[in-house]
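What follows is a short report on a single structure.
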Amino acid sequence: MTVVVFLDTMLFLHYRPLAEIDWRAALGAETVRIVVPQITIRELDKHKNSHPSATLQRRAGAVLRQLLAGHEAALAGRPTSADASGEVWTPRVTVRDHVTVELQGLTTPFDYPAARLDPTINDDVLVASMLSWRADHPETSLVLVSADAGPRVTAMAFGLGVLEPLEAWRLPATLDPERRELEALRAENVRLKSAHPALRVVFAHTDAAEPEMCLAVKDAGSAVEPREEWAAASVAQARTVPELLPPEKPTTSPSSSARHFYDIYATQPPSPAEYARYADERRAYLSAFDVYLRDRWAYEARSARMVDLALVVANSGTAVADDVEVHVTVPAPMVIHDPEMIALFRRAPEPPRPPIPPQTLHDQARRGMNPFGGLSAAYTSHQIAFAPRTPPNAVDATDYAEGTRTFVWHVQRVKHGVDVVLPVVTVAWPDGVPVAPIGLDVTVHAANLPTAVRSALHLRVMPVETS
C-alpha cells in the first residue's frame with residue numbers, strides 16, 4: 001500500500017530531516033510518497049528571508065536547496081512522454097527505502113468558496129492542495145502531518161488522514177547568539193526589577209545554614225564558698241613565706257682586719273628593724289592572699305555563667321539593604337552586659353607579691369631602699385589589697401518588654417553577598433539560674449524591606465569540668 005503524505009511547513013524547520021524519520025513504520029505503509037505543495041515552498045522562501053531566528057533562516061534555505069537540487073537532478077533524467085499508465089511523470093527523489101519526495105506541480109484551480117476555505121489562510125491552502133491531489137488521484141490514501149490542531153481538524157472534515165508528529169522527531173531547541181543575548185538581557189532586566197535584599201542573622205564561625213551554635217561552658221560549680229579549701233591554701237601559702245626572727249646575737253663580727261667603713265658595712269647582718277618590716281609585710285601578704293582566693297573564686301564563678309555572642313548579619317539577596325536594624329532578644333532572666341563595661345568583669349585578679357626577706361644594709365642600698373631612714377614609700381614590697389570593686393549593673397542596649405532582654409545594632413548598609421560582623425555582646429545566667437540552652441528571637445528591619453524579617457537562633461551549652 002502506498003500512502004501520499006503532505007507535510008506542514010513546520011516539519012521542515014523544527015523536526016529532523018526527512019531521511020532520519022521512519023515514515024513507513026509511522027504510517028504503516030509499504031511505500032510513502034512525500035509531496036511538497038507550492039504553498040510550502042512559498043512559506044519556506046518567506047522564512048529564509050525574514051524569519052526572526054537566524055538559525056531557522058539558514059535551516060529553511062538549506063531545505064529549499066535540497067528540495068530543488070533533487071528536483072533538478074530528477075528532471076535531468078525525465079522521459080519525453082507520459083509513462084505506460086498515462087500518468088504525467090513527476091520527478092521523485094528517494095530519501096530512504098521506499099520513501100520518496102516530490103514537488104507538487106501546477107494543479108487545477110480550486111473552488112475555495114464552494115469548499116468553504118479561505119485562500120488567504122495558508123493552512124486552508126495546504127488542505128486545498130491535498131484535495132486537488134485527491135481529485136486527480138481518487139484512489140490515493142492521503143495523510144496530513146502537522147503539529148497544529150487547526151489544519152488537522154480541517155483535513156479530517158474532508159475525510160483526509162492526519163498524523164501528529166512524534167515528539168522524538170523534534171529537534172533540540174536552539175537559540176541564536178543574538179537571540180540568546182536578547183533573552184539574557186531580558187532576564188537581567190527582570191532580575192534587576194525584582195531585586196531585593198535577603199537578610200538573616202547567624203552565629204559567626206558556624207555554618208550559615210544552621211541557626212544553632214554549641215558552646216563549651218565551664219561548670220559553674222557550687223554557689224557555696226569553699227572556705228575549707230581556702231583555709232588549706234592559705235596554710236600552704238604561709239609555708240612558702242615562713243616567719244623569720246632576728247638572731248639573739250650577731251652571727252659574725254667585724255673582722256679585725258677591716259680597715260674601711262665599706263668592709264664593715266658590707267658584712268653587717270640585717271637589723272632588727274628589717275625583721276620587723278618583714279613581719280609586717282608577711283602579715284599583709286597573707287591577708288591579701290586570702291582576699292585573692294575569694295576574688296579568684298568569684299571571678300571564675302562569674303565567668304562560667306557568661307557567654308560572648310558573636311553574630312553576623314548576612315545579605316544573600318540581589319540588592320543592597322539600607323538602614324538595617326538588628327534586634328536580638330534573650331529570654332528572661334538572662335542579663336545583657338554593657339559591652340563597654342564587660343572588660344571589668346573579665347579582668348582576672350592577680351595574686352599579691354610575697355614580702356622581701358630581711359635585707360642587709362648593703363642589699364637595701366643596692367635595691368634602692370634607704371638604709372638609714374627606713375623604707376622608701378615608693379618601694380614597698382607587697383601589693384596593697386584594695387576592696388573589690390562592685391561590678392556595674394548590666395545595661396540593656398535598648399528598652400525591652402517585661403520578661404525579655406533586647407539589644408540592637410544599627411548597620412548603615414549591607415551589600416548583597418556580604419556578611420557584616422556585629423559587635424560582640426555578652427549575656428549571663430544570673431546567680432541561682434542553671435546554665436541551660438536558650439533561644440534568641442531575631443528581628444531585622446531595613447529601609448528597603450516592606451516587612452521585618454523574623455527568625456530564631458538556638459544556643460546549646462555543653463558543661464565542661466574545670467581542671
Heavy atoms only: give me the nearest G439-P331 pair and the separation to one decimal. O-CD, 3.2 Å
Judged by atom type as modelled, is there a donor-acceptor pair below 3.5 Å linking the side chain of S303 to the main-chain atoms of E300? no
How about R33 and T100: does a side-chain donor come under 3.5 Å of a side-chain acceptor? no
Show the nearest heavy-atom pair for residues V95 and A19, with the distance to one decimal. O-CB, 3.5 Å
When you measure from the side chain of D295 to the backbone of P349, do you find a donor-acceptor pair of N or O atoms at a distance under 3.5 Å? no
Could you tell me the separation between the CE atom of M334 and the CG atom of L440, rounded to the nearest 0.5 Å? 8.5 Å
Just how far is it from atom CG of L11 to atom CG of L144, taken to the nearest 0.5 Å? 9.0 Å
Whether Y292 and F289 hold their rings parallel, tilted or perpendicular, with breakpoints at 30° and 60°: tilted
Option passing side-chain contact (heavy atoms from CB on, under 4.5 Å) with V35 (candidates V101, L7, V4): V4
Side chain of D148, backbone of G150: donor and acceptor closer than 3.5 Å? no
Within residues 49-69 or reaching into it, pairs that qualify as ring pair (Phe, Tyr, Trp, His ring centres under 6.0 Å) - sequence neighbours excluded: H47-H51
Has the side chain of R296 got a donor or acceptor atom that lies under 3.5 Å from a matching backbone atom of E350? no
Using a 4.5 Å cut-off on heavy atoms from C-beta on, say whether the side chain of L311 contacts that of V202. no
Does the N315 side chain pair with the main chain of V414, one donor and one acceptor, at a distance under 3.5 Å? yes
Given V63, I41, T9, L44, the one that forms side-chain contact (heavy atoms from CB on, under 4.5 Å) with V36: I41
Is there a donor-acceptor pair closer than 3.5 Å between any side-chain N or O of N448 and the backbone N or O of H196? no
All side chain to side chain donor-acceptor pair (under 3.5 Å) counterparts of D323, not counting sequence neighbours: H410
Roughly how far apart are L18 CG and L67 CG, rounded to 0.5 Å? 7.5 Å
Taking side chain as C-beta onward, heavy atoms only, is T2 less than 4.5 Å from H98? no
Residues at least two apart in sequence or cross-chain that pass side chain to side chain donor-acceptor pair (under 3.5 Å) with D123, listed by chain then number, are none
Exercise: do T329 and D441 side chains pair donor with acceptor under 3.5 Å: no
Residues two or more places apart in sequence or in another chain: which of them pass side chain to side chain donor-acceptor pair (under 3.5 Å) with R413? D322
Within this structure, what is the OG-CZ distance for the pair S141 and R134, rounded to the nearest 0.5 Å? 10.5 Å
Between D45 and R42, is there a salt bridge with N-O shorter than 4.0 Å? no
Among all residues two or more places apart in sequence or in another chain, which pass the salt bridge (Lys or Arg N to Asp or Glu O under 4.0 Å) test with E164? R152
Suppose we screen for side chain to side chain donor-acceptor pair (under 3.5 Å). Which residues come up paired with R239, at least two apart in sequence or across chains? none
With heavy-atom distances below 4.5 Å as the criterion, would you say the side chains of D118 and Y112 are in contact? no
Could you walk me through whether E139 and H137 satisfy the side-chain hydrogen bond (donor to acceptor under 3.5 Å, both in side chains) test, starting with their C-alpha distance in whole Å, then the side-chain angles of each, then the deciding distance to 0.1 Å, before giving a yes or no? CA-CA 6 Å; E139 298 180 355; H137 310 82; over 6 Å; no
Gap separating the CG atom of L103 from the CZ atom of R92, nearest 0.5 angstrom: 12.5 Å
Correct closest heavy-atom pair for W429 and P434 would be CD1-O, 3.4 Å
Could you report the tightest heavy-atom contact between L126 and D8, atom names first, then the distance? CD2-CA, 4.2 Å
CE on M130 to CZ on F158, rounded to 0.5 Å: 11.5 Å
Heavy-atom side-chain proximity of L422 to V326 below 4.5 angstrom: yes
Are side-chain N/O atoms of N49 and Q57 paired as donor and acceptor at under 3.5 Å? no
If we only count heavy atoms from C-beta on, is the V5 to L27 side-chain gap below 4.5 Å? yes
Is the F407 to W409 ring centre distance short of 6.0 Å? yes
Answer yes or no: is there an ion pair linking R170 with E167, defined by an N-O contact shorter than 4.0 Å? yes
Got V201 and L457 here, is their nearest side-chain heavy-atom distance under 4.5 Å? yes
L131 versus L160: any side-chain heavy-atom pair under 4.5 Å? yes
Do V320 and H416 make a side-chain contact, defined as non-hydrogen atoms from C-beta onward lying under 4.5 Å apart? yes
Is it true that, when you exclude E30 itself, more than 12 heavy atoms of the residues, nucleotides or ligands shown sit nearer than 6.0 Å to its CD? no
